[in-house]
Amino acid sequence: MKEEFEFPLDLAQKCVKCGLCKSVCPTYPFKEEEGAFARGRLALAEMVIKGELPLTKEVVAQWNECAMCRRCEWICPNDVQYKEILTRAREIQNKEMGKDFISEAGLKSLELMQSKVGRVALKVAGILSKPLPKEIKVPLPTGGVKFFPKPYGKPFGIRGKTFKAEKEKMRLLFFTGCMIDVFYGKTGENVIKVLNKLGYTVIVPKDIKCCGAPHLYHGNTEAFEKLREHNLKEMEKYEYDAIVVACPTCGGALKEDYQKDWKVYSFTELLSDERIKFKGKGEKVTVHVPCHYYTAMKLNPNNFYKVLEKVENAQTVKAEKAQSCCGFAGLFSIKNPELSEEIQREKMLDFKKTEADYVVTECPGCVLQLRDGAKKFKNKQEVKHIADYLAERI
């Protein structure tokens, strides 16, 4: 049921303008404007709501340059709920100024991919694209280029199946997410492979759709609510003890916005306390901690290092900026290609300093961005989802 629209002015006014958010904002160092980090963006939203400032293209541009990494929430001493405020501000923007074409096209494509027609089309695309390289250079409508993964050869291949553990200790519903369904199907298979080894039976729903987080973050609350309602009905068809994700943005939506009292685990969270050993090959490994891992899901980044301690004959090297934003943030990188690339460049230079052979993470979107960065900045480190890295070393 759709809630009555109301801007949370009381939440915005909790901001005491201390400016601590400036120190962790990924966009501020490259813009150096008051409106280029959380404090300024919140002030703009408050002034627009009070009628002290008209809603202009300049105001909207400041909001659109936010990656919604939510690192400002993570560091805020006053618990200002930035996500709640900016999603409402963007809803006002959509209603008063109309939805921008790129955002609307991107969000619609996520819905189309998960439709019956879209799934058939992606299976055909997966077959036809087999001769192509893993990443394809694609020009962006806003300028610049990005290397995107080609469709997986067996998209949605694990949907509607139950993968039983030999000695079952828990039944997990795997909320795969769009990126794994369409582009990184092997990652989904490897999540299941590792979890089965640990005694988890994994259930993959047949007809879940996009979690809706991208829609919510862009102020399209109506689309989010429809996706949430559909997914809740589909998930009710199955019996399980908890949910597991391999994408923290999906995990954050399920924990924060689905309004259900259920346990949602990330893949690394589950593995961090498990007794298992993996066989390394003498490599060095470094970590990229996705922003939504510790902001939306509120998990401890040390989970990554606890998991990597289980890999014998491998050395973990901690990057200085392991927890900084990679610059992807979904449509942010398409709408702001130059800004995204500056953030990406800083990230890749930091990884180079570690001299690691592998960069591992637990977000398919971050995998896309970091692989794109490795190509652009001639970084020879191999970027992998941590499930892929571990599955190869069982």
Presence of salt bridge, Lys233 and Asp207, under 4.0 angstrom | no

Among the clusters formed by ILVMFWY side chains lying less than 4.5 Å apart, do Val16 and Phe37 turn up in the same one?
-> no

Side-chain (Arg393) to main-chain (Phe278) donor-acceptor, under 3.5 angstrom | no

Path from Ile276 to Val244 over hydrophobic side-chain contacts below 4.5 Å | yes

For the pair Thr268 and Asn303, evaluate side-chain hydrogen bond (donor to acceptor under 3.5 Å, both in side chains) and give the outcome as yes or no after the intermediate values.
-> CA-CA 6 Å; Thr268 51; Asn303 289 339; 5.1 Å; no

Backbone of Gly185 reached by a side-chain donor or acceptor of Asp181 within 3.5 Å | no

State the NE2-OH distance between His385 and Tyr184, to the nearest 0.5 angstrom.
-> 10.0 Å

Do other residues, nucleotides or ligands put more than 12 heavy atoms under 6.0 Å from the CD atom of Glu52?
-> yes

Lys/Arg-Asp/Glu bridge criterion (N-O < 4.0 Å) met for Glu73, Lys83 | no

Step through the shown structure and confirm whether more than 12 heavy atoms of other residues, nucleotides or ligands are within 6.0 Å of NZ on Lys130.
-> no

Please check if the side chain of Lys321 supplies one atom and the backbone of Asp350 the other of a donor-acceptor pair under 3.5 Å.
-> no

Do Tyr217 and Arg70 have side-chain atoms, one donor and one acceptor, less than 3.5 Å apart?
-> yes

Heavy-atom neighbours of Lys197 NZ exceed 12 at 6.0 Å | no

Just checking, is any N or O donor in the side chain of Gln259 or Asp257 under 3.5 Å from an acceptor N or O on the other one?
-> no

Give a yes or no on whether a salt bridge exists between Asp100 and Lys335, defined as a side-chain N under 4.0 angstrom from a carboxylate O.
-> yes

NE2 of His292 to CE of Met68: how many Å apart, nearest 0.5 Å?
-> 7.0 Å

Could you walk me through whether Leu195 and Phe163 pass the side chain to side chain contact (heavy atoms under 4.5 Å, CB included) check?
-> CA-CA 10 Å; Leu195 292 179; Phe163 301 86; over 6 Å; no

Between Asn94 (side chain) and Lys99 (backbone), is there a donor-acceptor pair under 3.5 Å?
-> no

Got a donor-acceptor contact below 3.5 angstrom from the Arg39 side chain to the Lys17 backbone?
-> yes

Val182 with Val120, same ILVMFWY side-chain cluster at under 4.5 Å | no

So, Thr286 side chain and Phe351 main chain: donor-acceptor pair closer than 3.5 Å or not?
-> no

Might you point out which heavy atoms bring Cys366 and Phe328 nearest each other, and give the distance in Å?
-> N-CD2, 4.5 Å

Test side chain to side chain contact (heavy atoms under 4.5 Å, CB included) on Lys146 and Val138 and set out the steps.
-> CA-CA 5 Å; Lys146 186 174 282 294; Val138 178; 5.7 Å; no

For Glu135 and Phe147 the tightest heavy-atom approach is CB-CB, 4.0 Å

In plain terms, say whether Glu168 and Lys164 are close enough for a salt bridge, that is, a side-chain N and a carboxylate O under 4.0 Å apart.
-> no

Would you say the ring centroid of Phe304 lies under 6.0 angstrom from that of Tyr293?
-> yes

Donor + acceptor pair across side chains of Asn231, Tyr258 (<3.5 Å) | yes

Residue pair Leu227, Leu110: steps toward the side chain to side chain contact (heavy atoms under 4.5 Å, CB included) verdict = CA-CA 11 Å; Leu227 290 166; Leu110 292 176; over 6 Å; no

Is the side chain of Asn78 donor-acceptor paired with the backbone N or O of Lys14 at a distance under 3.5 Å, no angle test?
-> yes

Distance from Cys72 atom SG to Gln81 atom CD, nearest 0.5 Å?
-> 10.0 Å

Which of these passes salt bridge (charged side-chain N to carboxylate O under 4.0 Å, His left out) with Glu269: Lys255, Lys263, Lys298?
-> Lys263

Would you say the side-chain atoms of Arg159 pair up with the backbone N or O of Ile208, donor to acceptor, closer than 3.5 Å?
-> yes

side-chain hydrogen bond (donor to acceptor under 3.5 Å, both in side chains) between Gln62 and Asn64, intermediate numbers included = CA-CA 5 Å; Gln62 298 284 18; Asn64 284 343; over 6 Å; no

Looking at CG of Asp273 and CZ of Arg275, how far apart are the two atoms once the value is rounded to the nearest 0.5 Å?
-> 10.5 Å

Checking side-chain contact (heavy atoms from CB on, under 4.5 Å) against Gln323, which of Val289, Val287, Val24 comes through?
-> Val289

Over 12 non-hydrogen atoms of neighbours within 6.0 angstrom of NZ in Lys380 = no

Do the charged groups of Glu111 and Lys226 touch, with an N to O distance under 4.0 Å?
-> no

State yes or no: do Leu172 and Leu232 share one hydrophobic cluster built from I, L, V, M, F, W and Y residues joined by side-chain heavy-atom distances below 4.5 Å, directly or via other members?
-> yes

Take Ile92 and Ile49, measure what side chain to side chain contact (heavy atoms under 4.5 Å, CB included) needs, and give me the verdict at the end.
-> CA-CA 9 Å; Ile92 293 173; Ile49 296 307; 3.0 Å; yes

Pairwise distance CD1(Ile102) to CG(Asn336) - rounded to 0.5 angstrom = 9.0 Å

Answer yes or no: does atom NZ of Lys167 have more than 12 heavy-atom neighbours from other residues, nucleotides or ligands under 6.0 Å?
-> no

Nearest heavy-atom neighbours spanning Glu96 and Leu55 | OE1-CD2, 3.6 Å

Measure from NZ or CZ of Arg90 to the centre of the six-membered ring of Phe224 and say whether it is under 6.0 Å with the direction within 45° of the ring axis.
-> no

Is any NZ, NE, NH1 or NH2 atom of the basic residue among Glu189 and Lys193 found under 4.0 Å from an Asp or Glu carboxylate oxygen of the other?
-> no

Cation-pi between Lys284 and Tyr358: NZ/CZ under 6.0 Å from ring centre and within 45° of the ring axis?
-> no

Taking every non-hydrogen atom, the tightest pair across Pro149 and Leu368 | CD-CD1, 3.4 Å

Heavy-atom donor-acceptor pair, Lys310 side chain to Ser272 backbone, under 3.5 Å = yes

Considering all heavy atoms, the nearest Ala223-His215 contact = CB-CD2, 3.7 Å

Kindly compute the distance separating CD (Glu342) from CD (Gln344), expressed to the nearest 0.5 Å.
-> 10.0 Å

In terms of side-chain geometry, is the basic nitrogen of Arg88 or Glu84 positioned less than 4.0 Å from the acidic oxygen of its partner?
-> no

Common cluster, Ile334/Ile343, ILVMFWY with side-chain heavy-atom separation under 4.5 Å | no

Using 4.0 Å as the upper bound for N to carboxylate O, is an ion pair formed by Asp388 and Lys186?
-> no

Using 4.0 Å as the upper bound for N to carboxylate O, is an ion pair formed by Lys206 and Glu234?
-> no

Specify the closest pair of heavy atoms between Tyr305 and Ala322, including all atoms of both residues, with the distance to one decimal.
-> OH-CB, 3.6 Å

Do Lys123's NZ or CZ and the ring of Phe156 fall within the cation-pi criteria of under 6.0 Å and 45°?
-> no

Side-chain H-bond candidate by donor/acceptor type, Arg41 with Thr27, under 3.5 Å = yes

